[in-house]
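Structure first, then comments.
Hydrogens, waters and symmetry mates are skipped; everything else that's a heavy atom, side chains included, is used. We're numbering straight along the sequence, starting at 1.
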Amino acid sequence: MDLGVNVGLKVQGLREASGLSQRDLAEQILVDPSTLSRLESGHSRWTIEVFVVCCQVLDVQPGEVLAECVADSSLKKTSLWGE
């Protein structure tokens with residue numbers, strides 16, 4: 001699966017687990033709710049700034065989120081990851 005899609009799904013799961021609606025999270029990270037919807041669904045690409053702020057609001061470390069997402073993505077199969 002594409003890394004951007006994995007990140008979106010992970011953020012969506014974290015958001016839902018925290019009890020936030022898309023509108024609530026979007027307001028806190030200063031994006032339009034439709035933008036957050038596209039990010040979570042993988043239809044738009046995350047910027048580093050939005051991703052980091054989102055992780056701060058969700059109280060997770062960006063590196064941990066990315067590590068989990070890379071492990072589940074097609075990137076893990078590249079030589080970049082030593083396999």
Worksheet item: So which pairs with a foot in residues 46-61 pass side-chain hydrogen bond (donor to acceptor under 3.5 Å, both in side chains), sequence neighbours left out?
Response: none

Response to the item:
Sorted by chain and residue number, the side-chain contact (heavy atoms from CB on, under 4.5 Å) partners of Ser37 (sequence neighbours excluded) come out as Gln22

Fill in: Of all pairs that satisfy side-chain hydrogen bond (donor to acceptor under 3.5 Å, both in side chains), the ones with a partner from residues 11-20, not counting sequence neighbours
Gln12-Glu16, Arg15-Glu40

Item to complete: List for me each residue that meets side-chain contact (heavy atoms from CB on, under 4.5 Å) alongside Ile29, sequence neighbours excluded, and say none if there are none.
Response: Leu25, Val31, Leu36, Val50, Val53, Cys54, Val57

Item to complete: Nearest 0.5 Å please: distance from the CD atom of Glu68 over to the CG atom of Leu14.
Response: 7.5 Å

Discussion item. When you measure from the side chain of Asn6 to the backbone of Leu3, do you find a donor-acceptor pair of N or O atoms at a distance under 3.5 Å?
Written reply: no

Worksheet entry | Flag side-chain contact, heavy atom, 4.5 Å: Val7 against Leu39 | no

Worksheet item: Between atom NE2 of His43 and atom OG of Ser34, what is the distance when rounded to the nearest 0.5 Å?
Response: 13.0 Å

Fill in: side-chain contact (heavy atoms from CB on, under 4.5 Å) partners for Arg45, two or more places apart
Asp2

Item to complete: Could you tell me which non-hydrogen atom of Val65 sits nearest to which non-hydrogen atom of Cys55, and how far apart they are?
Response: CG2-SG, 4.1 Å

